[in-house]
Structure formats: structure tokens, C-alpha cells
2 protein chains.
Amino acid sequence: MSIQDLIAPINERLTPTERRIAELVLKDPTLLAFGTVSDLADRANTSRPSIVRFATKLGFEGYTDLQSWIREQLSVQLSSPSQRIRQQESSTPPVWAAIEEAIHQSFDALTQERLIALATPIAQARNVWILSGETSMAGAYVLHSGLSMIRPDVRLVVEHSTGRELSSASEGDTAVVFDFARYRRNSITTSRALAELDVNIVAITDGPLSPLAALTKNWCELKIPAVGPFDSSIPSVMAAEMLVAQVVNQLGEEARHRIDRLESMWQATDTFLNYTPRPSREI
Amino acid sequence: MSIQDLIAPINERLTPTERRIAELVLKDPTLLAFGTVSDLADRANTSRPSIVRFATKLGFEGYTDLQSWIREQLSVQLSSPSQRIRQQESSTPPVWAAIEEAIHQSFDALTQERLIALATPIAQARNVWILSGETSMAGAYVLHSGLSMIRPDVRLVVEHSTGRELSSASEGDTAVVFDFARYRRNSITTSRALAELDVNIVAITDGPLSPLAALTKNWCELKIPAVGPFDSSIPSVMAAEMLVAQVVNQLGEEARHRIDRLESMWQATDTFLNYTPRPSREI
DNA sequence: TTGATAGTGTACGCCGCGTTACAAAGCGGA
DNA sequence: TCCGCTTTGTAACGCGGCGTACACTATCAA
């Protein structure tokens, strides 16, 4: 039971001021443990009674009650073995390490030059086709979703309609293919066919021995860790996101203009619950 | 610098009473952090001035001074490892740091207990419905893909057919919702409706202030970094994958059996290019 | 025995704490 | 426009906090 679990069930009943207080104490719980009512009031730009009311709204008698509760929680956290475990880095579960390593390697693989090399054919293509194997579906999905927001004529090709969809592909187009061992037969054969048609191939795959790496010089290598019995999609997704960001850079004003139009479309259709302009937009 | 290091050099100059106080605070440092002079005096069977004198003997102005020092020490100890990591590497590109921090925080949020709490309703549900906002589509996709391989009756609900798809949802079902600020109106209102129908809600969201966190106690908090102009899907995907792995654990033999059948189906249809059995299967 | 000194507890003052009652301001509906 | 409710801030109160001055006790040397 944490302060988060206490706030969550009542978060919709919080007044604006109380919400400010909630954000404050969530950001820095030590404020609650050590701070006085006045401290919190000052930090949240409000008055002391509002702090007390916040405490009662959480179900406590008053601030004192809330604070002593927090202190108890903190005491067990300080004395419990998990805290000591937390400080030792050696005991992290192996999955964590595998994911982190994979991410690091992907970062290393996606240098600035490599990103530019991969993004350029995407930015300049007339049509962009996206293909993928199994592990990498999520990456393909993210790429499709992201690219669609910044340029026209982007299509995610699903296996059962490969032929129909790709019949119009030709020189000047670019196909982005995600696939890793074991390679999906369909994605590989399709890529080969597209390469024959002089379609630019951009391949996200697992190394120079991949059949995809043979098709193009625009490829990059990702390491795929396992999470439980399945392979992780995280590296693919990361690569897709970085590709999208790079294409945005290269398209410049045109991409930004499209994003702005999408934004106003969202506003017009009232898509989001609490619309507040933010520097970072959603995919 | 700890309280031990402060006491050690003067321990021979301590009077009997002061020695009792020293033993007390060494045994339980939270007493110093949270307790008042009176508390300590009572516990050490002495008077309040002795506590104050003890503080001054350690080189502080008074008890207040000592206490605020202890609290500072405690604060850094409580700050999460991810925050300390942030302070180290300043030379890496900001995107990397942001992604790594988000991943660390997600790891912290997805403790074993939390994972079990989230996975149990998924493992036991009659039907599983998956909903998502914008950023988190990829996570929802991965969850759907993974769960489909290990249990029946898993459905990804897309916005335009929400009503039709969910008309059969009822008690005993579980809905997994991914959404983050700005919350997509459709996913939130749908979740609320499902909660009204006593469908179990499992929420992957951005904190206790999320409207989703108000609906259920089975929620977890992810931090969403920005990659270029868009929010990243990586945390959602990671959470989805860890959820799938946990559900596999809980379903045990049944899940493994299903995976094996899928495997032979793949073999039969010759889906992959180079079939070689591997310990880790693809999603 | 007596005086000085170190150790400790009592008594007191002042400040700031948390709390509550009440008034002002903001917001929506009639 | 007015009325009611919700939200928020102001003012006052009483309690307990810490710190300090002072008094008592014990110890030891002379």
C-alpha cells in the first residue's frame, strides 16, 4: 500500500488545488514525510487548510495522521530487505539485464549516420510499404502509425493481401522490412520480389547473415532479447520510433505542418479527454 | 557520511546518559528522522535537554539541526536508483537517457507482486478485452498477440466498433486498458462503462492521477518519454511483454501446450524460412 | 568536611505547528 | 441577473515543539 494507491481511487474527486498538492507529493514523497503543512502549502502555492483538507480527503483524521502513516511506510521501506537489494545492482533479474543490453546495442547500431541512411529513402519515397515478420509486428505497427502522421502514402502490408497491395509498387518507392530469425517466408520472398522491381529496401534485421541484409545496403542490426517464452518487440519498436523521428527531421516544415493539422483535427473531433497543449504529442 | 561516522570520533567523551541515547539512535535511525526531542527522551529514559546536549556534542546547533541533517541523508537514500543513474551519464544523447530512465522506472513499477496482481485477472478471465489510447496501441497490439498464443477469447477492441464488440462483456471478464495523458475519450468512457458492468479492469497508465487509476486497484504506472515529436511506445510494449510472460507462468502447462500446438501449426504451414528449434520462440 | 566540577533534571519562554471557524471568491443553473 | 454551492483563503486558537537558564546531585580532591 503506497501513497499512489491511496490517491488513485479518489483522483477524480480532487479539486484543482488538491490535484496540485497530489502532483507535488507524488513527485517527492519525502516532502510528506518530513515537511510541515506550511512547507507543502508554500510549495503548492496554496494555503495550509487546503493541505489539511487534502489529508482528510485521503481518509485521514488530519495532516498529522497522514504524515505518521507515511512515516510508517517509509520506515519499513528503509529497514526491509528490498531496500538493501535495491541498492545492490547485482541482484537485478536477468530479464532486465537482457532488455537493457539489447537497448544499448540498438542505440549503438543506430548511429546518426546510419539513421540518416535509413531515413532518407523513407523521406523521399513516393510510396512507403511496411512489411514485417512475427517478432517485429509491433515495430512495423509503430512505424506505420508514426509515418502516417508525417507523410502520405504509407501502407502496412499484411500477409494475406500481400499480392494485391504490392501490385502497384515500383521504382521510387521504399519498402521497410522488419524481420529476424526465424525469418517469415512471406516477408522475405516479398522483399526479394520488391528488390527486383527496383524498390528501395530498408531492412531492420538481426545481422549481416540475414537474407534481408543481402538485399540492400540500408539495413541495421538489432539484438532481440527474450521475455518469458517469447522474443521481445522492444528493439523493433525503438528502431521504428527513432526512424520516425529522423524522418520528421528530414521532412522539416512539411512534417510539422502535417502534425499541426492532425492536432487540429483531434481538437475538432474532441478526441481527447483533457485537451491541454503539450510540447510532446502522442503517436 | 552517516550517523555512525559522526558518533564514532566522540564516543569516549560521551556521558552515560548520552551513551544510552547514542545506542538508541544507532539501533533505529528513523527515531532521529521522525521523532521529537520528547520521544527520544522518553525512550532513553532521560530528559529532553540531554537530547539537545547530545545533538550539540555531535557538532550541531541543536536537535533541529541534527534532525534536518539526518533527513537529508535519508532523502538521498530513498531516491530511486534511476534518479542516480540520471546524474551520472550526461554525455549520452538526451533521447537515450530519457528512454533508459523510462525503462528503469517501469522496471521499478512492475515488481513481482504487482505483476502477479495484474496478471491474475487476465489468466482467470473468461474473456479478455484489450483497449488502448494512442501512444499505447503498440503495447495493446503486443499484449493481444502474446495472449492469443496462450489462451482463448482475447480480443483487441478498436474504436469504431467498440459498442458492437463489447456488447457481450460481463462479470468474469477482464479488460486491459492502456492509456496515458492525453487520455483518449473513447478508451476512458468505455473503461468506465465496463467497470460498471463489473468487468475486471487492469490499467496500464501514467500515474495515480489518471482517470483509469480511479477505476481499479489493479493498475501500474509507466513513465512515457518522448522520441522526437511523439511519445514513445516502448514502456507500453515492455509492460505488455512482461504481462504476457507472467500470464504464461500462471497458466503453466495449459499455456505451454498451446504454444506447442502453434509451433506445429507453423511447421505444417511452412511459415518460416529456416526452421530450427530454438529455446525462445517468436511472438 | 568542604568546595569545585561535571552530569543531569526542572521550569519557563517563545515560536511555529496543525486545526477549525468563518468569510470571500468562483462557478453554474435558474 | 441572482442565488446557491463549491472551492479557497484568512484569522485566531491552543497545543506542543525546542532551546536555555537554573537548580540539584554525585563525585572527587583538598
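Below, chains carry the letters A, B, ... as their sequence lines are ordered, and counting in each starts from 1. In this text the structure is predicted, and so the values were computed from the model without any measurement.
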Salt-bridge criterion met for [X] and [Y] (N-O under 4.0 Å):
{"X": "B:R19", "Y": "B:E12", "answer": "no"}
{"X": "A:R256", "Y": "A:E253", "answer": "yes"}
{"X": "B:R182", "Y": "A:E263", "answer": "yes"}
{"X": "A:R53", "Y": "A:E18", "answer": "no"}

Tell me: [atom1] of [X] to [atom2] of [N], nearest whole Å?
{"X": "B:F60", "N": "D:dT20", "atom1": "CZ", "atom2": "P", "value": "16 Å"}
{"X": "B:F54", "N": "C:dG7", "atom1": "CZ", "atom2": "C1'", "value": "16 Å"}
{"X": "B:R19", "N": "C:dT8", "atom1": "CZ", "atom2": "C1'", "value": "17 Å"}
{"X": "B:K57", "N": "C:dA6", "atom1": "NZ", "atom2": "P", "value": "11 Å"}
{"X": "B:L14", "N": "C:dA6", "atom1": "CG", "atom2": "P", "value": "16 Å"}
{"X": "B:L66", "N": "D:dC18", "atom1": "CG", "atom2": "P", "value": "11 Å"}
{"X": "A:R13", "N": "D:dT7", "atom1": "CZ", "atom2": "C1'", "value": "14 Å"}

Indicate whether OP1 or OP2 belonging to D:dT6 is found under 4.0 Å from a side-chain N or O atom of A:T15.
no
Examine D:dG9: is either OP1 or OP2 under 4.0 Å from a nitrogen or oxygen in the side chain of A:S50? Give yes or no.
yes
Counting distance only, does the side-chain N/O of B:R114 pair as donor-acceptor with the main-chain N or O of B:A109 below 3.5 Å?
no
Reading nucleotides 11-28 of chain C 5' to 3', which nucleotides get B (base under 4.0 Å from a protein heavy atom), which S (sugar-phosphate only), which -?
------SBSB--------
Report yes if the side chains of A:Q73 and A:I3 come closer than 4.5 Å at any heavy-atom pair, otherwise no.
no
Bend angle of the helix from C:dT1-D:dA30 to C:dA30-D:dT1, end axes from five pairs each (to 10°)
0°
Got a sec: does the CD of B:Q4 have more than 12 other heavy atoms crowding it under 6.0 Å?
yes
Within the 3.5 Å criterion, strictly below it, is a donor on B:D179 or B:T205 matched to an acceptor on the partner's side chain?
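Their side chains do not contain a donor-acceptor pair, so the 3.5 Å distance test is not met.
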Please work out if B:T17 contacts a base, only the sugar-phosphate, or nothing of the nucleic acid, heavy-atom cut-off 4.0 Å.
sugar-phosphate
Parallel, tilted or perpendicular: which fits the ring planes of B:Y141 and A:Y141, with parallel below 30° and perpendicular above 60°?
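Correct class here is parallel.
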